[in-house]
Protein chains: 2
Amino acid sequence: MRADAQRNYDRIVEVAREVFREQGYDASLDEVAKRAGVGPGTLYRHFPKRENLIDAIMQSWVDRVDEAADKALAHEGSPRDLLLAWFEQYVALISLHKGGPAKITSAMCDDSSPIATKCQALTRATSRVLERLEAEGALREGVDVVQMCRLVGGVATVADQADLGTDDVQPLLGVVADGVLR
Amino acid sequence: MRADAQRNYDRIVEVAREVFREQGYDASLDEVAKRAGVGPGTLYRHFPKRENLIDAIMQSWVDRVDEAADKALAHEGSPRDLLLAWFEQYVALISLHKGGPAKITSAMCDDSSPIATKCQALTRATSRVLERLEAEGALREGVDVVQMCRLVGGVATVADQADLGTDDVQPLLGVVADGVLR
DNA sequence: ACCTGAACACCGTTCAAGT
DNA sequence: ACCTGAACACCGTTCAAGT
C-alpha cells in the first residue's frame with residue numbers, strides 16, 4: 001500500500017472509532033470522512049461496506065474477548081455463577097457501541113459477513129465456557145454454542161434498543177442460564 | 001374530520017399496510033405517500049411519526065392477539081407445551097412485518113410510545129398464560145410478564161434480523177421455556 | 001495507484017401557497 | 001381546515017478528472 005493510502009486508512013479507522021463511540025455503529029459515514037479530512041470516495045475505496053469499517057476498528061477487540069473468557073473461567077463458583085459471569089462479559093463486549101448487539105448477532109454464523117472472524121472469536125470463547133460446564137455435567141442435552149450466542153445476543157439487542165439498565169438485563173440472563181443448565 | 005381528510009387517512013393506512021407487508025416497517029414513507037396519491041405533507045399531518053402509522057395499521061391486530069391467547073390456552077398438554085405454544089404465537093404475531101420484533105419489543109413498557117396500547121395487548125395476553133401456569137405451580141419464583149416478553153421478543157428480533165427459520169427459532173424458545181418453568 | 005469532490009438518487013421534514 | 005408540492009438537509013454511492 002502506498003504511503004499516503006496507508007495514512008488515510010489509519011486516519012479513517014481512528015476517526016471512525018471515535019465517531020462510532022459517540023454515535024453508535026449507525027453513525028453517518030459522511031461525517032467520518034469529513035472528520036478524517038478525506039473525500040467520501042476514499043472512504044469507499046478502503047471500506048466498500050460499513051461492516052468492513054466496523055471490522056477494522058474491532059481488531060484489538062478479539063484479544064479482549066479471549067481475556068474476558070479467561071477471566072470468567074478463572075472465577076470460582078457454581079456452574080450458574082460461571083455462566084452468568086460469562087454472559088455479563090458477553091453482553092458488555094458486544095454492547096460497546098450502540099447498534100453493536102444487533103449487527104454482531106445478525107452476522108453470527110454468516111461466513112460471508114465482513115465481521116465473520118469477530119463472530120467466530122465470540123463463539124470460540126463461548127465454546128471454552130461450555131466445555132467446562134459440559135465436563136462438570138452441568139449442561140442440558142442438545143444445547144449448542146450458536147444457540148447460546150443468539151439467546152444472549154438477543155437479550156443484548158433488546159437492552160441496547162430499549163436502553164435497559166443492568167438491573168433489567170440481569171434477570172433475563174438468569175432465565176437463559178436456568179434454561180441452559182441441568 | 002372532513003370527508004376528504006378521512007378518505008386520505010384511509011387510503012394512506014390501506015397503502016401503508018401493503019407497502020409494509022412487502023418491505024417491512026422501515027419502508028420509505030415517500031413511497032407510501034406516492035402510492036396513496038397524496039403529498040408527503042398530508043402523510044405527516046396525519047402521522048407525525050412512523051410509529052403512528054404503524055399503530056394505525058395494527059388496529060385489527062389486537063383482536064388477533066387475544067384470539068391467539070385463547071387458542072394457546074385451549075391447548076391441552078403439559079405446562080411446557082402450553083408455554084411453547086404461546087411463544088410460537090407470540091413470535092408469529094410480532095414478526096408479521098420485517099422490523100416488527102425490534103420496534104415492538106423496544107416499545108415494551110414505554111407508555112409514551114405511539115404503539116403503547118399494542119404492547120399492552122401483548123403483555124395482557126401473556127399475563128393470562130402466566131396466570132394459568134402460576135395456578136398450576138409450574139412457574140419459577142420472580143418471573144414476571146415483562147421479562148418474558150423481552151426474552152421472547154429478543155429471540156424474535158434476532159430471528160427477524162438474521163432471517164432464521166422455524167427450525168432455528170424453536171430450540172431458542174425451548175431454552176427460554178425451561179428457564180422460566182420450575 | 002490513489003485521491004478529490006462534484007453529481008446523483010433517495011429519504012424525511014417543513015412550510016408557503018392554494019383550495 | 002386540509003392539501004399540494006417545492007424546498008431543504010442529509011445520507012450513501014459513483015465516477016470523471018486530477019496528481
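Below, chains carry the letters A, B, ... as their sequence lines are ordered, and counting in each starts from 1.
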Give a yes/no answer on whether the side chain of [X] brings an N or O atom under 4.0 Å of OP1 or OP2 in [N].
X        : N       : value
His46(A) : dC3(C)  : yes
Asn8(A)  : dC2(C)  : no
Ser28(B) : dG12(C) : yes

Taking the inter-plane angle between the rings of Tyr9(B) and His46(B) on a 0 to 90° scale, is it parallel (under 30°), tilted (30 to 60°) or perpendicular (over 60°)?
->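 Plane angle over 60°, so perpendicular.
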Considering non-hydrogen atoms only, spot the tightest contact between Pro171(A) and Gln147(B) and give its length.
->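 Shortest heavy-atom contact: CB-NE2, 3.5 Å.
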Using whole Å, what does the distance between atom [atom2] of nucleotide [N] and atom [atom1] of [X] come to?
X        : N       : atom1 : atom2 : value
Phe47(B) : dG12(C) : CZ    : P     : 15 Å
Arg7(A)  : dA1(C)  : CZ    : P     : 19 Å
Tyr9(B)  : dC2(D)  : OH    : P     : 13 Å
Asp26(B) : dC10(C) : CG    : P     : 18 Å
Asn52(A) : dT13(D) : CG    : P     : 11 Å
Tyr44(A) : dT4(C)  : OH    : C1'   : 16 Å
Glu31(A) : dG12(D) : CD    : C1'   : 14 Å
Leu43(B) : dC2(D)  : CG    : C1'   : 14 Å

Closest to the [X] side chain: [options]?
X        : options                  : answer
Arg2(B)  : dA1(D), dT4(C), dC2(C)   : dA1(D)
Thr42(B) : dT4(D), dC3(C), dC11(D)  : dT4(D)
Pro40(B) : dG5(D), dG12(D), dC3(C)  : dG5(D)
Asp30(B) : dG12(C), dA1(C), dT14(D) : dG12(C)
Arg45(B) : dC2(C), dT14(D), dC3(D)  : dC3(D)

Just wondering, more than 12 heavy atoms not from Arg50(A) lying within 6.0 Å of its CZ?
->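 Yes - once you tally the heavy atoms of other residues, nucleotides and ligands closer than 6.0 Å, there are more than 12.
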Pairing partner of dT19(C) (Watson-Crick or G-U wobble, both distances under 3.5 Å) |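 WC or wobble partner is dA1(D).
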Using purine N1 to pyrimidine N3 plus N6-O4 or O6-N4 for Watson-Crick, or N1-O2 and O6-N3 for G-U wobble, both under 3.5 Å, which nucleotide pairs with dT14(C)?
->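 Result: dA6(D).
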Kindly determine whether Asp81(B) and Ser78(B) satisfy side-chain hydrogen bond (donor to acceptor under 3.5 Å, both in side chains), including the steps that lead there.
-> CA-CA 5 Å; Asp81(B) 286 340; Ser78(B) 68; 3.3 Å; yes
Looking at Lys118(A) and Asp55(A), does any basic side-chain N land under 4.0 Å from a carboxylate oxygen?
->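 A salt bridge is present here (some side-chain N lies under 4.0 Å from a carboxylate O).
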